[in-house]
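This one's a predicted model, so the numbers in the text were calculated from it and none came from an experiment.
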Amino acid sequence: MKVKTSRFADDYRPKWSFEVVMPHQTYDGDRVSFCVGLFFCYVGYFVRNESDEGDRTIQEPLLNGDTHVAFGNKKTLDLEDIPQLDSGDSVVGAFPTFRDKLEADCGAVNRVTTFKLVKSLLISAWKEILFTAFLALLNTLASYVGPYLIDSFVQYLDGRRLYENQGYVLVSAFFIAKLVECLTQRHWFFRLQQIGLRFRALLVTMIYNKALTLSCQSRQCNTSGEIINFMTVDAERVGVFSWYIHDLWLVVLQVTLALFILYKNLGLASIAAFVTTVIVMLANVPLGSLQEKFQNKLMESKDTRMKTTSEILRNMRILKLQGWEMKFLSKITELRDAEQGWLKKFLYTSALTTFVFWGAPTLVSVVTFGTCMLIGIPLESGKILSALATIRILQEPIYNLPDFISMIAQTKVSLDRIASFLRLDDLQSDVVEKLPPGSSDTAIEVVDGNFSWDLSSPNPTLQNINLRVFQGMKVAVCGTVGSGKSTLLSCVLGEVPKISGVLKVCGTKAYVAQSPWIQSGKIEDNILFGEHMVRERYEKVLEACSLKKDLEILSFGDQTVIGERGINLSGGQKQRIQIARALYQDADIYLFDDPFSAVDAHTGSHLFKECLLGVLSSKTVVYVTHQVEFLPTADLILVMKDGKITQSGKYADLLNIGTDFMELIGAHREALSTLESFDGGKTSNEISTLEKEVNISGDHEEVNKDEKNGDKGEPKGQLVQEEEREKGKVGFSVYWKYITTAYGGALVPFILLAQILFQALQIGSNYWMAWATPISADVEAPVEGTTLIEVYVGLAIGSSLCILVRALLLVTAGYKTATILFNKMHLCIFRAPMSFFDSTPSGRILNRASTDQSAVDTDIPYQIGSFAFSLIQLVGIIMVMSQVAWQVFIVFVPVIAVSIWYQRYYLPSARELSRLCGVCKAPIIQHFAETISGASTIRSFNQQSRFHETNMKLTDGYSRPKFSIAAAMEWLCIRLDMLSAFTFAFSLIFLISIPPGIINPGIAGLAVTYGLNLNMIQAWVIWNLCNLENKIISVERMLQYTTIPSEPPLVLEEEKRPDPSWPAYGEVDIRNLQVRYAPHLPLVLRGLTCTFRGGLKTGIVGRTGSGKSTLIQTLFRLVEPTAGEVIIDSINISTIGLHDLRSRLSIIPQDPTMFEGTVRSNLDPLEEYTDEQIWEALDKCQLGDEVRRKEGKLDSSVSENGENWSMGQRQLVCLGRVLLKKSKILVLDEATASVDTATDNLIQQTLRQHFTDSTVITIAHRITSVLDSDMVLLLSQGLIEEYDSPTTLLENKSSSFSKLVAEYTMRSNSNFEKSVDH
């Protein structure tokens, strides 16, 4: 049963799935028995050998009942129940040799051509390929034995016995050929699947390794979504192609054999058959090329959609805060519409192909018999049956050809895509000259360095860089937004292409990026990052990064599982974990890209002192910073502007000369003087008394999002839960929902009717031919020759039309269903509450939007159709047989019963294996996505090899259940095949033992031809059912996401909507507010009550994780309060629609986000404002000139995540959005953390100017930005500690707020050196 899953309506037809398959036999008994004897000796020897070589548990299941099939009946299978792969199949064993061969062939991976890639793949599996070729050859020869001998069989039934026992010789020939066919086919398919798995794993590993070495420019050609598609779609397709490896030469062989048999039976008319066959094959070429084109376009549009989807999932929080999610959903729907356009064309072309190839055998037989009439070759029923059976076998190569061509086309497209990805430029390896550690006292040296991210642009990103850093120096880099500070660090890491100059680095490096990169997994693993655990060092690092407190608060300590991209940690915690990871690595050179901005003032100074001046006191450190107070301790300060180092020197020297430096310092001093004036200059006198308190700064409370209160009764739980997989049988409801989705299931009866008619007409035409032709030349024909052909042609045309109707209806229903499921699932995902995205890794959602959606688009409709059609065929055959020999049922009924029992026995294991496959696939994608986003961090720590290994382990983890599925499948098939063979032998023995003359030999022959097929079709029905159960899981997984509980409605009915002018005053009244993130997590806000007066500025301060961000999320209803209420201008926000609420509030979020698109679409995605208004906003936020300089002005492009804009510029874009919206209530969430003091002051000034009468709520890390507010709210552990005006709080020396301020001033007056010297 060759089961190739391809796109054609019944592609799921097995080799023998035509109505008439002939029995197998050779014409001479002795010769047969001799060959078969040899064959069995060979198979026996071979199988024994194989199972010795391979892993026993895997090779033997084909013969001795399979371990996991039996095991799966006792319990639900889990991954640990599945045996490991043999070293030849596991990618860990196979990859090194494959890579070496490929590199030897091409010189280097980035010179790979598609041809060389294919060559290396084939070489990696040449033994298996040769062996399967031998099996395929045997199989083909055996399958033609039946048609060859059917004529002799009909003559024998008619009473012409050539020698004694001829009947038994014929029967044994049939039976043995059948056995040979079964055995060869099972081994052939099993091994092909093995090869496919290996190909897939090798390619995935190649793609992964390549993604780790891509240069930045290449990285911009392909977004992470596209790269992930190479892995999930293209590599998978190359794996599936292994099924088709032998098809090209098999087609030639099959056509030759068929023509030989036709010639023996019908003489010259066989030439007509040959010509028609060739014409039909050629007719397929244009269809095939059309299909390739549509497939290509379909893939491209899918890439674009997946890219946008993954970007949206990453930034869902921003979309919800801004009330934009529905706009972005419509963006995805538009992309899907384009994709569906191609899908529709693709599906309808394949429906036509189906029609051509179902009509083909009928057309060939009409032409052949017509020719016989014309040249006057006598038609006898034996010869006609033999010819029909042969033409039917011929149908398979003709039928598989288009399938094969489209498979070649798709595989070529995929291989080209993979090869062109592998050819992209890698990072230049010669950018950095690496000196062995300790060989020089200079750690970093740059001479006349010019570097550029984009080599084609005329002005380099960094120009004339000259720099020398000695071992143990502390170097600070400062400068305005977009001046090239981060790029300078990237240069030292070797990430930026070098135009000219020399760059030497001596020693190992550790790097802390500006936006934290955290892997999902335990906190401990993130900090160790592949190193061994040394308790003492580990504790010291935790202490220095003040992570001790946070870990005590988390319910699982450092064993807490972090969600994707550190979703369940606050910004400050992610940064500190990053710093801890760097410290633990014990490198020689440390590069910090402004990590102190994401934490509050207190923690910032603690980190600076403990990490940079403490743990790293003897190391070389280069740190970018916006906080001027960290500059005085540096041994060297670099001031950057427009990609050049404009000044360098010590703090004191720069103060005397520096102009650019003075700008930065001046802004800072201005901020400080505001502080002094508040305090009447008293603060500085207090410093000395405060110092003692500050030295124990590590003991200050630091409380995280998942707070744990003293109350032990609080529920605990990890945020990210294991992915659910449904257990047990797929419910009937899933099938029912699927079938009735489109047009309420109205098309289903018509599809079935068309198939029933087709079946009836097919059987009718064969019956007519068997009945209306004489047994032999000397018998009178019952009807005229012309009538014979006319009726036959009429029936043939009718059956072809039925196929066309059926194919078109099936495609229409399938297409409609895919559309409806897509829209339903996406609507539910976009309306899901934020907690769903926090606890669901995006890999799981993406998996459903890509893999499962593909299955629903192109596979499942055919799979369901195929099951129904084979069932109808089975009924048809039973009806034909019962006409001649009802006795066959004596055997047939028990055989059916046993088959059903086997299928039931096999299903539990197959189903769980299939589900395990789905569950094992997501981690590969997720790990891959994480690797792509953290590639520079991974490279800076030199951890590539460890990540390669993890990827190989995950890939093997996916191959294991896949391999076992193949084994279990063959386990079932070989048993069903054997049962078939016995039923078949029984019916033949029955027929030869009836005395001649009782039944019409022609009709008996017809019954045999159909009977041969009976058991095969029955196996086919069962096979289809199993396959359908495996595939339908995709529908089940999609339906799972259509039941996500959704957020409260976006807009309520008219009378409940707030007035268009609401909020008019902007007064926010909070009453006894309690909030937790999930029912199983502890409370984060524990009963807040306070009022923010309308039009006033309120600053919210507190240690990292005291609940500041949570308060803001509750204001926007990203989190619904557990108890209490929030009232804005006398409307309880829980009583109005979410869209009404969110669109009236503005926020500048903590992580500045930009979307791929244009500047315009980033500022105004809902297209509500005019260009004038947008320019005005850009000018207000100081980006106007920057945008005018770009070619496209407002339409100039923004790449994925806004990566072609600096962090500070992205922050300014967020400010621009707010200026456009002009809301009455504005929230700033640590908005100024990633900009320098000058830009910070500029933002503050802009806000003061344009939001004079708005309520402004600021969460701040820089105390200065809260000092000019009207009120300050100090939070601690989810409770209000202080709430008053800054002046009042500062006057009270014992207030927590005045302590914070004093500490900040002290830090700014650079008392660091003293505190280090103590």
Side-chain angles (χ1 to χ4, degrees), residues 216 444 446 448-454 457-467 469 475-493 495-499 501 503 511-515 591-597 622-631 634 636-649 651 654-655 657-668 936 1152 1154 1178 1181-1190 1202-1215 1232-1243:
C216 219
I444 303 169
V446 189
D448 299 334
N450 288 301
F451 301 89
S452 177
W453 286 113
D454 181 5
S457 89
N459 30 6
T461 322
L462 294 181
Q463 309 167 23
N464 309 328
I465 303 288
N466 283 295
L467 167 67
V469 179
V475 181
V477 183
C478 60
T480 51
V481 167
S483 57
K485 304 183 294 293
S486 301
T487 308
L488 183 66
L489 294 191
S490 300
C491 281
V492 178
L493 291 173
E495 299 279 320
V496 190
K498 180 169 70 175
I499 301 174
L503 166 57
Y511 168 64
V512 177
Q514 185 170 14
S515 39
L591 305 169
F592 287 114
D593 195 350
D594 197 16
F596 309 112
S597 61
V622 180
Y623 59 98
V624 169
T625 185
H626 288 301
Q627 278 114 315
V628 178
E629 56 272 23
F630 292 145
L631 296 176
L636 175 65
I637 299 174
L638 306 175
V639 183
M640 298 200 65
K641 191 171 183 183
D642 302 331
K644 299 187 182 69
I645 299 180
T646 51
Q647 292 160 324
S648 61
Y651 187 73
L654 289 181
L655 278 184
I657 43 166
T659 42
D660 295 337
F661 190 61
M662 282 316 289
E663 275 175 34
L664 295 167
I665 298 291
H668 179 65
S936 52
M1154 287 174 80
L1178 280 171
C1181 67
Q1182 313 287 316
L1183 278 173
D1185 300 338
E1186 178 70 30
V1187 177
R1188 282 190 186 89
R1189 256 183 257 141
K1190 296 190 182 275
E1203 278 172 8
N1204 51 355
W1205 294 66
S1206 79
M1207 199 81 162
Q1209 287 168 325
R1210 284 182 244 171
Q1211 195 81 63
L1212 293 173
V1213 171
C1214 294
L1215 174 64
T1232 51
S1234 53
V1235 289
D1236 57 86
T1237 321
T1239 317
D1240 183 14
N1241 289 354
L1242 182 148
I1243 292 182

If you measure from [atom1] on [X] to [atom2] on [Y], what distance do you get to the nearest 0.5 Å?
X	Y	atom1	atom2	answer
N459	D642	CG	CG	10.5 Å
L503	D448	CG	CG	12.5 Å
S515	D594	OG	CG	11.0 Å

Minimal non-hydrogen separation, [X] against [Y], with atom names:
X	Y	answer
P595	V512	CB-CG1, 3.9 Å
C491	V496	N-CG2, 3.7 Å
F592	L489	O-CD1, 3.5 Å
N450	Q463	OD1-CA, 3.1 Å
P460	S452	CA-CB, 3.8 Å
W1205	R1210	O-NE, 3.2 Å

Inset, instruction - Applying side-chain contact (heavy atoms from CB on, under 4.5 Å), run through I645 and N466 and close with a yes or a no. - result: CA-CA 8 Å; I645 299 180; N466 283 295; over 6 Å; no
Inset, instruction - State, yes or no, whether a side-chain contact exists between V622 and V492 at a heavy-atom distance under 4.5 Å. - result: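 Not touching, per the 4.5 Å side-chain cut-off.
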Inset, instruction - Applying salt bridge (charged side-chain N to carboxylate O under 4.0 Å, His left out), name anything that partners K641, two or more places apart in sequence or on another chain. - result: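 In terms of salt bridge (charged side-chain N to carboxylate O under 4.0 Å, His left out), with neighbours along the sequence ignored, K641 is linked to D660.
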Inset, instruction - Decide yes or no on side-chain contact (heavy atoms from CB on, under 4.5 Å) for M640 and L462, but give the supporting numbers first. - result: CA-CA 10 Å; M640 298 200 65; L462 294 181; 3.8 Å; yes
Inset, instruction - I would like to know whether L488 and F451 meet side-chain contact (heavy atoms from CB on, under 4.5 Å); could you show each step before the answer? - result: CA-CA 9 Å; L488 183 66; F451 301 89; over 6 Å; no
Inset, instruction - Look at the side chain of K485 and the backbone N and O of T480, then say whether any donor-acceptor pair between them is shorter than 3.5 Å. - result: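 Answer holds: yes.
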Legend entry - T461: side chain to side chain donor-acceptor pair (under 3.5 Å) partners, not counting sequence neighbours: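 T461 satisfies side chain to side chain donor-acceptor pair (under 3.5 Å) with no other residue.
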